[in-house]
Structure formats: structure tokens, C-alpha cells
Amino acid sequence: MSKKALITGVAGQDGGHLAKLLHEKGYEVYGTLRGQLEASHPRYQAIKEEMPYVNIVLADMTDISALTRAMIEIQPDEVYNLAAISHVGYSFRDPLLTADLTGKGVLNVLEAIRLAGLEKTARFYQASTSEMFGGLDYNRPGDGYTEDSPFHPRSPYGVAKLYGYWITKNYRESYGMYAVSGILFNHEGERRGPEFVTRKISKAVARIKLGKQELLELGNLDSKRDWGYAGDYVEGMWRILQQDNPNDYVLATGETHTIREFVELAFKEVGIELSWDGEGVNETATDVATGKVVLRINPEFFRPAEVDILLGNPSKAETELGWERKVDFPGLVKLMVEHDLADNS
Ligand code: GDD
């Protein structure tokens with residue numbers, strides 16, 4: 001009998017990668033979509049076309065009855081909780097919705113597992129995040145944040161995720177559940193939404209190269225992120241659920257780069273060399289060959305509070321899970337730009 005996995009948020013970046021991986025490993029895969037997406041809806045159809053092996057379940061993260069029904073009907077062996085408001089900037093605009101979905105939604109899934117009587121059999125993975133660390137002066141990452149580093153979230157998203165992290169730990173300690181967190185640093189790729197900075201850059205660079213766009217507008221270029229490839233990270237998620245004992249793990253690359261470095265590398269990938277001029281909100285980047293300004297700062301993309309630096313230490317995951325990454329930073333930039341060049345040609 002094949003194992004059954006339920007993925008909340010299967011339509012997201014990680015949901016797609018994970019569903020494919022689990023399908024290839026022989027799982028029967030179920031994935032939730034928000035309610036009211038009828039089978040005739042184009043979005044539903046698109047997901048069905050892209051991932052025909054996913055059994056779609058309509059269940060909203062705020063609806064515990066729908067979640068419980070899903071648990072009873074499916075009887076999953078593994079539950080991956082990926083559904084969330086996941087855009088940090090957006091969470092400042094809709095903090096209450098973020099708390100309901102990204103925070104309390106985790107509790108809804110955990111309770112649904114218990115109400116269905118699956119707390120001793122189903123394994124639960126919570127998509128925790130490096131945004132919980134915050135990167136302030138008193139808790140700079142040093143050689144990289146570990147599973148023991150202090151938390152200080154800097155956004156409604158980070159605060160909601162911290163609740164999810166602790167309630168998962170609490171259910172593990174209270175009810176003996178195999179309920180664990182992967183604390184994932186930024187992970188990107190060709191499935192990333194264009195509202196996130198890497199995909200916004202790779203798309204714009206491809207379109208500028210192809211003459212379909214003139215300008216890229218960004219916010220803070222100086223924040224640093226530990227960026228890996230999402231395809232590598234879902235393998236880590238799966239490994240986290242296959243251990244003898246439940247435990248939390250950091251998944252990261254151990255390298256950090258500025259947004260500016262990502263921009264420079266992406267333009268270089270299409271043969272455009274940049275020269276930087278000005279400072280702060282007046283900074284611009286010009287294509288050296290054409291003399292045209294291709295990037296400028298738009299304060300609209302600044303955040304009320306910023307995480308200046310994220311750098312993770314994946315030693316525990318590497319040692320205990322044997323987790324490794326196939327794509328490095330230049331490889332990631334190349335993969336994304338090449339994908340967007342092909343997509344926009
Ligand atoms: N989105 C966006 N858009 N970010 C920009 C822009 C822009 O135009 N310009 C600069 N940035 C900066 C942000 O201020 C931030 O410092 C950095 O680029 C990365 O932003 P995002 O790509 O939106 O990702 P994130 O780091 O805030 O959050 C992502 O990673 C987390 C893990 O660390 C998300 O995937 C989260 O869901 C995830 O938990």
C-alpha cells in the first residue's frame with residue numbers, strides 16, 4: 001500500500017515541487033485549495049493540468065470542519081502544512097488575515113489531525129521560516145542561524161510563523177505527535193511568484209533583454225538573503241518527516257548575498273553590464289552598452305521594518321538527514337533567468 005500525503009497550499013511554489021517529489025516516490029498525493037474553486041474554475045483546471053497526480057481537496061485554512069473532514073476521508077500518513085500568506089510585505093497590509101491563516105491556520109490543521117484521531121499515526125510538517133530570526137544587532141547570524149538561535153520576528157508574517165512554530169512544538173510535547181518544523185531560508189526557482197524579489201528580477205531582466213520592458217523598480221537593495229533552490233528544499237522537508245525521532249531542522253545554504261548581487265548576476269547572465277549611480281532612493285543602474293537606465297528605486301517596495309541579513313547554518317540537516325543541495329547561487333540565478341528568457345520569447 002502506498003503512503004498518503006496531504007499538502008496544504010499545494011498551489012504554491014513549494015507545494016508544486018513537493019507534490020512532484022512525493023508522486024515520484026510513490027505516494028498518493030492530496031493537496032488543498034481554498035474553498036469555492038469549483039472544478040470548472042480556470043485555476044483549478046490549470047493545477048489539474050500541471051499536476052494530474054494530485055487529488056485536489058477544497059479546504060480553507062480557517063475552516064476546521066473542512067480540514068477535519070479531509071483528515072477523516074484521506075487518513076494521511078504525512079501532512080505538510082505549506083498554506084499561508086507568505087509574502088512578508090503583504091503581511092503588513094493585511095496583518096489580521098496573516099494571523100488567521102499563517103498563524104492560527106497551523107493550529108487548525110493540528111487540531112484537525114487530533115479530531116480525526118490521527119495524532120499517533122500521521123506525521124506533521126510545519127513550514128517554519130528564517131523570518132523568525134529577524135537579524136537585529138543583538139542577534140546577528142555570525143556563522144549562521146541554527147535551530148538554537150534566538151527569534152525576533154520583524155513582520156506580521158514572521159510573528160504569525162513564530163506562533164506556528166511554537167504550537168507545533170507544543171503539540172509534539174503535549175500529545176507525543178510527530179510534529180516538526182523545517183526552518184527554511186529563502187528558496188527560489190522557476191515556480192516562484194513574481195511578487196518575490198528574485199523572480200521579479202529574473203523576469204524583468206529577461207524582458208529587458210528581449211526589448212519587452214524598459215525598467216525594473218525595486219526597494220531595498222542592501223538586505224542580504226541566504227538563497228537556495230526550492231527543488232532541493234522539498235527533498236529536505238521529506239527527509240525531516242522520515243527520522244526515527246521528531247526534530248526541527250534549519251535548511252539553508254550557508255551563504256548570504258545582497259539583492260544588488262542578485263541583480264548584477266542576473267543582468268550579467270544576459271550579457272548586460274551595469275554601472276551604478278546615485279545613492280539611497282536616487283540610486284539607478286544603467287546598461288553600460290546602451291546608456292539606458294534599467295533599474296531605479298521605488299520606495300513603495302520598502303517595508304516598515306526590514307530583516308537586514310539572513311544566513312543559515314545547515315550543519316544539523318546535513319549531518320543527521322544527509323541533506324545536500326544540487327544548485328548553488330550562480331546556478332540559481334542562471335536557472336531562473338534562462339527559464340524567463342524562454343518563457344518570454
Ligand atoms: N518582494 C520584494 N519586491 N522584495 C524586495 C523588493 C521588491 O521590489 N526590493 C527589495 N526587496 C527586498 C525585501 O525588502 C527583502 O529584504 C528581500 O528583497 C527579499 O524579499 P522577498 O523576495 O519578498 O522575500 P523575503 O525574504 O521577504 O521572504 C521570503 O523568504 C522567507 C524565508 O526567509 C518569503 O518566501 C517568505 O515566505 C519566507 O518565509
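Each ligand, and each atom within it, is numbered from 1 in the order the structure gives. Residue indices begin at 1 and follow the sequence shown.
Between Tyr229 and the choices His187, His339, His17, the ring pair (Phe, Tyr, Trp, His ring centres under 6.0 Å) rule is met once, by His17.
Residue Leu310 touches ligand 1 through its side chain alone, judged by heavy-atom distances below 4.0 Å. Using a 4.0 Å cut-off between heavy atoms, Arg192 contacts ligand 1 through its side chain alone, with no backbone atom that close. Under 4.0 Å from ligand 1, the heavy atoms of Tyr157 that appear belong solely to its side chain.
Residue-ligand proximity, Arg225 to ligand 1, at heavy-atom distances under 4.0 Å covers atoms 15 (C), 16 (O), 19 (C), 26 (O). Proximity to Ser86 (heavy-atom distance under 4.0 Å) selects the following atoms of ligand 1: 34 (C), 36 (C), 37 (O). Taking a cut-off of under 4.0 Å to the non-hydrogen atoms of Thr129, the atoms of ligand 1 that pass are 31 (C), 32 (C), 33 (O), 38 (C), 39 (O). Set against the non-hydrogen atoms of Gly219, the atoms of ligand 1 under 4.0 Å away are 6 (C), 8 (O), 9 (N), 10 (C). Counting the atoms of ligand 1 from 1 in the order shown, those under 4.0 Å from a heavy atom of Ser130 are 32 (C), 33 (O).
A salt bridge between Lys169 and Asp248 is present, with a side-chain N of the basic residue lying under 4.0 Å from a carboxylate O of the acidic one.
Of the protein's heavy atoms, Ile259 CD1, 3.2 Å lies nearest to atom 18 (O) of ligand 1. When only non-hydrogen protein atoms are considered, atom 7 (C) of ligand 1 lies nearest to Lys200 NZ, 3.8 Å. With respect to atom 10 (C) of ligand 1, the closest heavy atom belonging to the protein is Asn220 O, 3.2 Å. With hydrogens left out, the protein atom closest to atom 16 (O) of ligand 1 is Ser223 OG, 2.6 Å, a heavy atom. Given atom 22 (O) of ligand 1, the protein heavy atom at minimum distance is Val197 N, 2.8 Å. Among protein heavy atoms, the minimum distance from atom 14 (O) of ligand 1 is reached at Glu306 OE2, 2.6 Å. Shortest contact from atom 27 (O) of ligand 1 to any protein heavy atom: Arg303 NH1, 2.6 Å. Counting protein heavy atoms only, atom 28 (O) of ligand 1 is closest to Val88 CG2, 3.6 Å.
Taking distance alone, with nitrogen or oxygen atoms compared against 3.5 Å, Leu184 stays at or beyond that limit from ligand 1. Note: no N/O pair closer than 3.5 Å links Phe301 and ligand 1 by distance alone.
Relative to the six-membered ring of Tyr90, Arg93 misses at least one condition, a distance below 6.0 Å or an angle of at most 45° to the axis. Geometrically, Arg303 does not engage Phe92 in a cation-pi contact, judged by NZ or CZ lying under 6.0 Å from the ring centre and within 45° of the ring axis.
Listed for the Asp328 side chain is a donor-acceptor partner under 3.5 Å among the backbone atoms of Gly331.
Taking the ring centroids of Phe185 and Tyr233, they lie at or beyond the 6.0 Å cut-off. Taking the six-membered ring for Trp, His87 and Tyr157 have ring centres at least 6.0 Å apart.
Heavy-atom minimum distance, Gly280 versus Ile297: O-CG1, 3.5 Å.
Classification of the His257-Phe329 ring pair by plane angle, with boundaries at 30° and 60°, yields parallel. In this structure, Phe133 and Tyr145 have parallel ring planes: the angle between them is below the 30° cut-off, well short of the 60° mark.
Taking Ser128 as the reference, Ser181 meet the side chain to side chain donor-acceptor pair (under 3.5 Å) condition, with sequence neighbours excluded. In this view, Arg239 and Glu235 satisfy the side chain to side chain donor-acceptor pair (under 3.5 Å) rule, not counting sequence neighbours.
By the 4.0 Å heavy-atom criterion, Gln13 is excluded from the residues contacting ligand 1.
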